Every structure is written in C-alpha cells, then in structure tokens.
Number of protein chains: 2
Amino acid sequence: MTDKKEQILHAALELFASEGYHTVSTSKIAKKAVVSEGLIFRHFENKKGLLEAILEYAFERMGILLMPILTEKSPIKAIEKYILLPFEIDKSEYHFWRLLFKLKWEIEYSSVEKMKPLIDKLSTSFEALNYKEPEKEAEVLNHIIESVSGGILKDGLQSQEILKDFLLKKYHI
Amino acid sequence: MTDKKEQILHAALELFASEGYHTVSTSKIAKKAVVSEGLIFRHFENKKGLLEAILEYAFERMGILLMPILTEKSPIKAIEKYILLPFEIDKSEYHFWRLLFKLKWEIEYSSVEKMKPLIDKLSTSFEALNYKEPEKEAEVLNHIIESVSGGILKDGLQSQEILKDFLLKKYHI
DNA sequence: GTCTATACGATGATAGAC
DNA sequence: GTCTATCATCGTATAGAC
C-alpha cells in the first residue's frame, strides 16, 4: 500500500462502499488518497475503469472466502460453513462486502453466474444428506444467507446473531 | 395523470427505479415528463424532495399490499399469502418495487421498522401453529421472501418460480 | 401553473511540465 | 510516475415573464 496506485484503489474502495459509486467524485477519491486527481486517469482509464479494477479484486476475494466451502468433503460441514459465513466476516471487511451488495442494484453484474459453483456445492451436499429436492434446498439456503448477510451489513451483526444457532439447528448441525 | 405534477412523479418513479436516484438528472426527468425542468423545483423543493414524495407513495403502496396478510385470521393462510406475495406482483409494478430495493442501499431508510408489523404477524402465526421458535421462524421466512423478491426483480419471475411450490410445501401449505 | 433563460459550482477528463 | 492547470459539460437550482 505504499504505491500511489494502491492508495487510489484503497481510497476508492472505501468511498464507493460507504457512499456508492455515483455519489463519489474522482476529486473526493484523490483527496482521500492524497494524490492528484489527474493520476487517477493515468492509472485507470476513467472512473468506470477504477470501479472495474475494484470489482475484479472483490470477486477474487469472494472466491477465496468461498473456497473452504467448495473444497469441504463433508456435506454437513459444507452447509455449516456456509451458514456461519456471514457471522464470521471480519468487521474491517464490512465495507468491502457492502460494496458488492450496493453495486448489485446500482450497476448490472451477474451475481447469478458468480454463485453457481456455490449453489452446485450446496446442492450435492443436500443430495448426499438425502434431502428430497436438493437443488431447491440449496437455492433457499442461499436466499437465507444472502438476506442475512445483507442484514448484517446494513444493521450490524447483532441484528442477525440470534438466527445463527437457529439456522444451524434447522439444518441439523 | 393529466396533471403535470403527476407526470413528473410518474416519470421520476420510472427513471429512479430503472437507473437509480443519483444517475438520473432533473433534466432527464423533465424531458421524460414533457415539462420544463424548472417546474420540478416549483412542485417539489428540490430533487430530494421529489424522491421523498415518491417514497411516501411507495410505502403507502407497500402498506396496501401487506394489508391482506396483516388482517388474515387464519395463521396458515397468512403465511401462504406472504409466500405467494412476490410471485403475484404485477409485472407493471416491478420498477416500483425495484426502486425500494435499490434505495435500501443507495440511501438510508429503516426497512426494519417498516417490516415490524409483518414480522409480528408472521410470528404470531407460527406461534399459533405450534412452531418452537416463532420469532425466528418469522425472521427466516422474511429473509427468504426478501431475497426471492430481489431475485424476481433482478432476474425475472421465472428465475424463482420453481421455488413457489417448494416453499409452500416446506411450510406445510 | 408553467415556461424560458440563466447562474454557477461540481464533475469527469485532458495537456503539458517536472 | 506524478502534479498543476485547465476545459467542456452537466447538474441543481433560481428569477422573472406569461
């Protein structure tokens, strides 16, 4: 993070995440990153290019976060890990994930595609556990975790924490 | 909708819903409404005032939509009605609800408060049906429907329709 | 109630020097 | 790689005439 390009990326991430892409000006980003505004356009073609660089990084991070679930051999453990996911996110990364939730409605990106491997994993896990309709169980659990995650990012961990044990019990964990 | 004020409201709703509050300019709204830009500021103090007028209307509409659930005597029917809600929304009103989903992340408004009566209703319904932890069941169902609704608004009805019967079965309806 | 004209700051982006 | 200076355009908002 000693590099100015990194500084820009970092400042933009925080600002986009907390205030949204359209509301944040390049001038504001430059000030926060303590660089000249022009530099932003040298490193990234334009404002949208800056956003895309951040998104790329974000998706990479999401992949890393999901990896332990995708590689989990035990079906019950895979489901457990997914349920616990939103409750164990580090607070320092909230703004990071908030950005993805915000952008899902602000710009068009196919979250469906990105989540496909996860849904598949959950689906085979439920299948291994003899659930009647594993794909649908996977979709529903995904919906629950998605909305719980949104709740945590909007209103804080404590707003959802009571659901943690309840969900684990619900899925017999 | 013969009134120019109505025309502005209508145009702004459509534009905000499809493109977001911050991206849409007052000039664009004026063009779509076929009125002068200045008129917007006569009827509504400023752009934010216009948004608030729309939001007020939106919350009123949400109240109307939820009313049949809140007044439903049969607990099982109340739950059924709530599950069916996102699947039965008229396509012509999609942009309307999309606006609320978008704004939840774009500006700050307490969706939690607005949903309180619904959660309470679901909670007492689950209680009447002898569920062990009715409040939590209510929260989880609310999460499911919230995320399913989001899916429908983003990717269309058909993306979620397979879950309709599954959810009804899941809640023994 | 409605329109035209306009003020004026902010914004994304570029050019050129170091 | 980085900064300063600058620009054209857009965006919100106001004033005044009809």
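Throughout, protein chains are lettered first and strands after them, A, B, ... in sequence-line order, and every chain is numbered starting at 1. Keep in mind that this is a model prediction, so the values were computed, not measured.
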Does a side-chain N-to-carboxylate-O contact under 4.0 Å join B:Glu52 and B:Lys47?
->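 Result for this pair is no, no salt bridge flagged.
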
- Residues A:Glu72, A:Lys81: salt bridge by 4.0 Å N-O rule: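 Salt bridge present between A:Glu72 and A:Lys81.
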
Quick one: does B:Gln7's side chain have a donor or acceptor within less than 3.5 Å of a partner on B:Ala33's backbone?
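At least one qualifying donor-acceptor pair exists.
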
Expressed as a whole number of angstroms, how long is the span from [X]:[atom1] to [N]:[atom2]?
| X | N | atom1 | atom2 | result |
| --- | --- | --- | --- | --- |
| B:Ile40 | D:dA13 | CD1 | C1' | 11 Å |
| A:Ile29 | D:dC3 | CD1 | P | 15 Å |
| B:Leu51 | D:dA13 | CG | P | 12 Å |
| B:Glu6 | C:dG1 | CD | P | 12 Å |
| A:Leu9 | D:dG1 | CG | P | 14 Å |
| B:Leu39 | C:dT6 | CG | P | 20 Å |
| A:Leu15 | C:dG12 | CG | P | 12 Å |
| B:Lys4 | C:dG1 | NZ | C1' | 9 Å |

Review point. Between B:Phe166 and B:Lys169, is there a cation-pi geometry (under 6.0 Å to ring centre, at most 45° from the normal)?
Key: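 So B:Lys169 doesn't make the cation-pi contact.
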
Using atom names, set out every protein N or O paired with an N or O of nucleotides 14-17 of chain C below 3.5 Å, distance rounded to 0.1 Å.
from, atom 1, to, atom 2, distance (Å)
C:dG16, O6, A:Arg42, NH2, 3.3

Cut-off 3.5 Å, side chains only: do B:Ser123 and B:Glu135 have a donor facing an acceptor?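 Absent: no donor and acceptor within the cut-off.
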
Between B:His143 and A:Glu146, a side-chain donor and acceptor under 3.5 Å:
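Side-chain D/A pair, B:His143 to A:Glu146: absent.
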
| Nearest-nucleotide 5' precedence on DNA chain C, A:Thr23 against B:His43 |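 The residue closer to the strand's 5' end, by nearest nucleotide, is B:His43.
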
* Asked: Which nucleotide sits closest to the side chain of B:Thr26: C:dC3, D:dT12, D:dC3?
  ->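 Nearest listed nucleotide: D:dT12.
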
Closest nucleotide among C:dA13, C:dC3, D:dT2 to the A:Lys47 side chain: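 It is C:dA13.
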
message: Using 30° and 60° as the class boundaries, would you call the ring planes of A:Phe126 and A:Tyr131 parallel, tilted or perpendicular?
response: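 Judged by the thresholds at 30° and 60°, the geometry between A:Phe126 and A:Tyr131 is perpendicular.
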
Using the 3.5 Å cut-off, write out each protein N or O paired with an N or O of nucleotides 7-10 of chain D and the distance between them.
none

ask   = B:His22 side chain N/O closer than 4.0 Å to the phosphate oxygens (OP1, OP2) of D:dG11?
value =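 It does not, given that no N or O in the side chain of B:His22 lies less than 4.0 Å from OP1 or OP2 of D:dG11.
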
Discussion item. Test of understanding: with side chain to side chain donor-acceptor pair (under 3.5 Å), list the residues that count as partners of B:Lys164, not counting sequence neighbours.
Written reply: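 B:Lys164 satisfies side chain to side chain donor-acceptor pair (under 3.5 Å) with no residue once adjacent residues are dropped.
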
Under 6.0 Å between ring centres: does that hold for B:Tyr82 and B:Tyr171?
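No; B:Tyr171 has its ring centre 6.0 Å or more from that of B:Tyr82.
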
